[in-house]
Structures are given as structure tokens and as C-alpha cells.
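Here's the structure, in C-alpha cells; my notes come after.
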Amino acid sequence: MSTWGKIFTAIRGGINEAAEAAADSQSMRILDQEIRDAEQSLRSARSDLAGIMASNKSVMRRLEENRAKETKDTDSARAAISAGRTDLAQGLAQRIAGTRAEVQRDQEELDRLLPRQQQMLRTIQETEARIAQMKREVENVKANESLLRAQSAIAHSQSGINTRLGSAVESLERIKKRQEITAGRIEAGAELAALENGSDLDRQLREAGIGSSSHSADDVLAQLMIPRHSAEQVLLPAPAPAGNKD
């Protein structure tokens, strides 16, 4: 592949990565919006369910009241028949028939609404669980994305720190070399100054043992052993060992 082809491929790859990053960012926004829409729908469903449950409770209360009324009217009708009041028993029988019709209608309505209530309750619970799971997954993705950005920033910062440390080490080495050169120049200047005033020659004579005067104890003792009027060396007798008398 030619150089221009490689450059074009690299540019196209960068554009694709940027487009994918933008699409991912938009996908997260869309997903967040969808979750909010689902939560709004869930709130509406809860409201509808609350209405159905309230209606069912009302029907159930009416059923209980009508059944209690039917039981009471039945007992009264039997008492009227026993008392020979057929007219009262007839009126109670008509009211019992009406009550039974209402009970039947309410029971049919309750039989129709209760399954719907149960189905809505299951759907709401499943939707709540799905939304909670989706929110956890979204939070995990966002947390991972933040972690990756932090790690990338740390890696970039570490790279910059390593570069700066490398530059600092190079500067330190240059300073050391400059100091060594400066110290060498100072030593060379001192040596040149010694040559100019003759002190270097005296140093060389002392190192060679020429013209130097020694002030050690052995040299002083040797000088004391020479008589004043004689140039010959006189040896002093060695001291006798302690404890021997001849």
C-alpha cells in the first residue's frame, strides 16, 4: 500500500472511530430517554391499576351489601309468610329478585375486572424489574466509560511525566558535565599559577628528596650525637638493661 493510501486509511479509521463514538453517545442519550418514557408509562399504568382496584373494591362492597340485604329480605319474607301476610312476602320477593339481579351484574363485572387487575399487576412488576435492571446496566456502562476516561487521562499524564522526567535527567547530566569541565579548568588554572611562581618546582624537589630539611626525631638525635668540634659521628653507648650491674 502506498503512503497516501495508508494516510487515507488512517484518516478513514479516525473518522469511523469518531462517528462510532458520536453514535454511542447518542445511543446513551436515546436509551436514557427511553427509560424515562418507560417510567412515565409505568406511572400511568400504576394510576390505571389504582383506578381498577378502587372500582373492584367498590363492586365488592356493593356485593357484600346486596347479599346482606338479600339475606335480610329473605328472612323477613319467610316471617311474613308465617304471619299470613302474603302481600308483604310478595313485595319482599320482588325486592329480593332485584337484589339478586344486581348481585349477578356486580359479580360478572368483578369476574371481568379481577383478572385484568391481576394481569396489570404482573405487567407492572415485570416492567419495574426490567427498568431497574436496565438502569443498573446503564449505570455500569457509564461508570466503565468514566473509568476508561480516567485511566486514559492517567496514562496520558504518566506519559507526560515520563517525558518531563527524561528531560530533567538529561538536564541533570548536562549540569554534571558542565561542573566537571569547570572543576577541570580551575585545577588547570591552579597548576599554571604554581608553575609561574615556582612553587611547583619546590614541590617536585621535595618529592625527589632534594634540599628538604627533615625535623623528625631520628634526624634530631643523629645531629646530637655529633661532637661540636668533630665532624665524625660519636656513638653513645646503649643504655644498660634494667636490673644488671657489672
Side-chain angles (χ1 to χ4, degrees), residues 15-154:
I15 293 174
N16 290 335
E17 291 177 358
E20 289 177 356
D24 291 340
S25 177
Q26 293 299 323
S27 297
M28 292 303 297
R29 292 191 180 95
I30 292 172
L31 185 57
D32 288 338
Q33 184 60 45
E34 290 178 347
I35 290 175
R36 288 192 292 270
D37 293 342
E39 289 177 334
Q40 180 61 38
S41 299
L42 185 60
R43 285 190 291 270
S44 299
R46 287 200 192 101
S47 179
D48 294 340
L49 177 60
I52 293 174
M53 293 176 68
S55 178
N56 289 343
K57 287 182 179 181
S58 178
V59 172
M60 291 174 69
R61 283 194 302 268
R62 192 164 64 243
L63 274 172
E64 291 176 358
E65 292 173 358
N66 286 330
R67 283 170 178 166
K69 182 180 178 181
E70 179 185 353
T71 300
K72 182 179 179 182
D73 287 346
T74 299
D75 292 340
S76 297
R78 287 173 178 169
I81 292 172
S82 296
R85 296 294 305 270
T86 308
D87 55 336
L88 295 177
Q90 183 65 32
L92 289 170
Q94 291 179 355
R95 192 164 70 179
I96 291 172
T99 301
R100 288 180 176 177
E102 291 181 5
V103 168
Q104 184 177 0
R105 287 194 300 269
D106 290 341
Q107 187 62 54
E108 290 175 354
E109 182 179 0
L110 192 62
D111 292 341
R112 179 177 59 84
L113 291 178
L114 282 177
R116 182 181 177 189
Q117 174 182 320
Q118 295 299 323
Q119 180 63 36
M120 288 188 66
L121 182 60
R122 286 193 298 269
T123 301
I124 288 174
Q125 291 174 344
E126 293 173 358
T127 304
E128 287 176 343
R130 291 179 61 185
I131 290 176
Q133 181 181 359
M134 184 62 67
K135 291 175 72 174
R136 286 193 297 269
E137 292 179 359
V138 169
E139 291 300 324
N140 289 336
V141 170
K142 290 181 178 179
N144 289 335
E145 188 68 19
S146 299
L147 179 61
L148 290 175
R149 284 197 299 268
Q151 290 176 341
S152 178
I154 291 172

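Heavy-atom basis, side chains included; hydrogens, waters and symmetry copies ignored.
For Ile81 against Ala89, the heavy-atom pair with the smallest separation is CG1-CB, 3.4 Å. The nearest pair of heavy atoms linking Glu109 to Ser55 is OE2-OG, 4.4 Å.
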Met134/Glu137 under side chain to side chain contact (heavy atoms under 4.5 Å, CB included): CA gap, chis, key distance, verdict: CA-CA 5 Å; Met134 184 62 67; Glu137 292 179 359; 4.1 Å; yes
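Distance alone, capped at 3.5 Å, is enough to place a donor-acceptor pair between the Ser41 side chain and the Asp37 backbone. In this structure, Ser47 contributes its side chain and Arg43 its backbone to no donor-acceptor pair below 3.5 Å. With hydrogens and angles ignored, the 3.5 Å screen pairs a side-chain donor or acceptor of Thr123 with a backbone N or O of Gln119.
Side-chain contact between Arg46 and Glu128 is present, with heavy atoms from C-beta onward closer than 4.5 Å. In this structure, Gln107 and Arg67 have side chains that are in contact, with non-hydrogen atoms separated by less than 4.5 Å.
To the nearest 0.5 Å, atom CD1 of residue Ile35 and atom CZ of residue Arg130 are 11.5 Å apart. For the atom pair CD of Glu126 and CG of Leu121, the computed distance is 10.0 Å after rounding to the nearest 0.5 Å. Atoms CD1 and CG, from Ile96 and Asn66 in turn, are 12.0 Å apart once rounded to the nearest 0.5 Å. Taking CD of Gln90 as the reference point, atom CG of Asp87 lies at 9.0 Å (rounded to 0.5 Å). Here the straight-line distance linking atom NZ of Lys69 with atom CD of Glu65 works out to 10.0 Å at 0.5 Å rounding. Atom-to-atom distance recorded for Asp48:CG and Ile124:CD1 is 8.0 Å, nearest 0.5 angstrom.
In Arg36, the CZ atom is crowded: over 12 heavy atoms of neighbouring residues, nucleotides or ligands sit closer than 6.0 Å.
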